[in-house]
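One is the number of the first residue; the rest follow in order along the sequence. As the structure lists them, so they are numbered: ligands from 1, and atoms in each ligand from 1.
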Amino acid sequence: MNLLADFVAEVIFIFIPVNYWYQTARKQTFMPKLFLGLDSSTQSLSAVVIDLDTRKVVYEKSLNFDRALPHYKTRNGVLPSRDPLVKHSSPLMWAEALDLIFAEMKKDGVALGKILAVSGSGQQHGSVYFNERITAALGNLDPKKSLVENLRGVFARKTSPVWMDSSTTVECAEIRKKLGGIKYTASRTGSDAFERFTGPQIRKFCKTEPGAYTKTSSIALVSSFLASLLAGKIAPIDYGDGAGMNLMDIRNKVWDMDALKATAPSLKKKLPPLAASGHVIGPVSAYFVNKYGLNPEALATTWTGDNPASVIGLGLIKPGHFAVSLGTSDTFFGSVQKCQTDEDGEGHVFGSPAGGYMSLVCFKNGSPAREKIRELYGIAGWKQFGELLQQTPPGNDGGILLPWFEAEIAPRVNQPGIHRFDLDAKDAGANCRAIFEAQMMSMRLHSQWMNVSPEKIYATGGAADNAELLQIMADVMNCRVSRIEVSKSAALGAALLAAHGWLAAGDKNPKWEKLVAGFTAPVPDSEIRPNPKAVRIYDKLLEKYADCEREAL
Ligand code: XUL
């Protein structure tokens, strides 16, 4: 009898560890390493799933808010407003979109049960305001209900101001004054006080709705709001998106108490902690496990802003690698070695998810302005737009158009309007050329503070498909331009952030350059070189362009 018991014990003793080892090894050998990245942008929510072993994007999907969720009545993702400077959106719409995209992924057969970690990015600066019910709601998300139903009664403010809002000029001036002027505000928080930045927006809310501000127990960014839903608890704000608030001490990556004081009372209590992008918060909420079949061991990580995520998604890991993103906003950004802020206060320094910093300049009149000109001149499509560019000379014979259809960020324009100089308003071709030349000259002019001369610029975003536009970019910026065919650079960056977080949590010490390899190569043979003759024309025209800006302002 004893012998039998010993034998059984022996078998158990050997079998359990061997079986455990076998299962773990099996998991490691056969489990694909899938990571999910989400990007909640101005107009859509996108999902990208990557397989880290095969270095492939295995799934991509986008939901356009206006079309997929028409009951929120947004236009291009923004709620209608009588005041053209006020641009808000609905946090419930973003939450409903999250449910919808998970349902789509499930329907499309995405192996949600095999995803190891989730991260994401959001349009920068937008803010979400909760009352004290939020913690319990997040901790008890009921899978039998939708996220919208689960979030009923948790908001201290129904709508969220977004990055397109320009209604806080007074609050910017107040904060800037308290912090000691443009230069000091920028060197302290990474940027001068900007209308769309979260601090001035919080100040306006506190001044105009003091009762609702008092009832606000917690404030989130778009990114940290959605991360909170995934994690089932209030998520930290990361150093990339946190730097877009005028509230974070950019050098020490902690909340800046003077900036907080200059903004609104009791603000520290209402803000979550700061953390690195992709930092592991914990396992994903049971809501997503029970409802959509997400792996219960999948990790929820901190999200970041869409621009910081694009730094990763475009592979701009080494300092000096820069990109131009031609989207709803046009941005010029890249990794930099040190934190050098703009003394004139037009540009921004954010924390880079790859560590260190990124510099960025943002133009509000991006693709919507190009589209307006196309519509104004009845041009059917971008192909025809490109043909018109070919028929017009670089420099446009000195014709200049300032395309400020909306209030502009760089340079600061509070009174929208378009201005023509030596340009015939009836000439369709000249106006098409003028708008993109102006956008590129403005980019060159307002990024001089960065003091960078990139070897090459990577172009991305919808309009980057147009070779004629990229030639103008190369000639104005006097730099080689290559197209990166990553349609969802922010969502891809987010998926890579999830992978980084998962590897780091497993003590794997992942290296960014290795991690992004294979995902972010430029399109072969897409390089466009500057034409020396055109470069000389733009070098000269830039002076006239700067004079026109000064005159219009
Ligand atoms: C950056 C900015 C925009 C938004 C767009 O400062 O305001 O690029 O992030 O989503």
*Purely on distance, is any nitrogen or oxygen of T331 under 3.5 Å from one on ligand 1?*
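No.
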
*asked:* Below the 3.5 angstrom mark, is there an N/O of H348, backbone or side chain, next to an N/O of ligand 1?
replied: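 No; every N/O pair is 3.5 Å or more apart.
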
*How close do L247 and L260 get, heavy atom to heavy atom, and via which atoms?*
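Taking L247 first and L260 second, the nearest heavy atoms are O-CD1, 3.7 Å.
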
*Residue pair V128 / W94, side-chain heavy-atom distance below 4.5 Å*: yes

*Check whether any side-chain heavy atom of D258 lies under 4.5 Å from a side-chain heavy atom of K178, and answer yes or no.*
no

Protein heavy-atom partner closest to [atom] - residue, atom, separation in Å:
{"atom": "atom 10 (O) of ligand 1", "result": "D306 OD2, 2.5 Å"}
{"atom": "atom 1 (C) of ligand 1", "result": "N307 ND2, 3.3 Å"}
{"atom": "atom 3 (C) of ligand 1", "result": "S329 OG, 3.6 Å"}

_Best match, R196, Q123, Q124: closest heavy atom to atom 7 (O) of ligand 1_ =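 Answer by nearest heavy atom: R196.
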
*What atoms of ligand 1 come within less than 4.0 Å of a heavy atom belonging to H125?*
1 (C), 2 (C), 6 (O), 7 (O)

*asked:* As an exercise, identify every atom of ligand 1 less than 4.0 angstrom from a heavy atom of C362.
replied: 1 (C), 2 (C), 3 (C), 7 (O), 8 (O)

*With a distance cut-off below 6.0 Å to the six-membered ring centre and an angular limit of 45° from the axis, does R412 pair with F194 as a cation-pi contact?*
yes

*Return yes if a side-chain donor-acceptor contact under 3.5 Å exists between S127 and Y129, otherwise no.*
yes

*Among the heavy atoms of G305, does any lie under 4.0 Å from an atom of ligand 1?*
no

*Should the proximity of I409 to ligand 1, defined as any heavy atom under 4.0 Å, be assigned to the side chain, the backbone, both, or neither?*
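It is neither part, as no heavy atom is under 4.0 Å.
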
_Pairwise side chain to side chain donor-acceptor pair (under 3.5 Å) hits with a residue in residues 234-249, at least two apart_ =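 Passing the test, one end in residues 234-249: Q124-D241, T189-N246, S223-D241, D238-S277, D238-T304, D249-N252.
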
_Salt-bridge criterion met for D192 and R176 (N-O under 4.0 Å)_ = yes

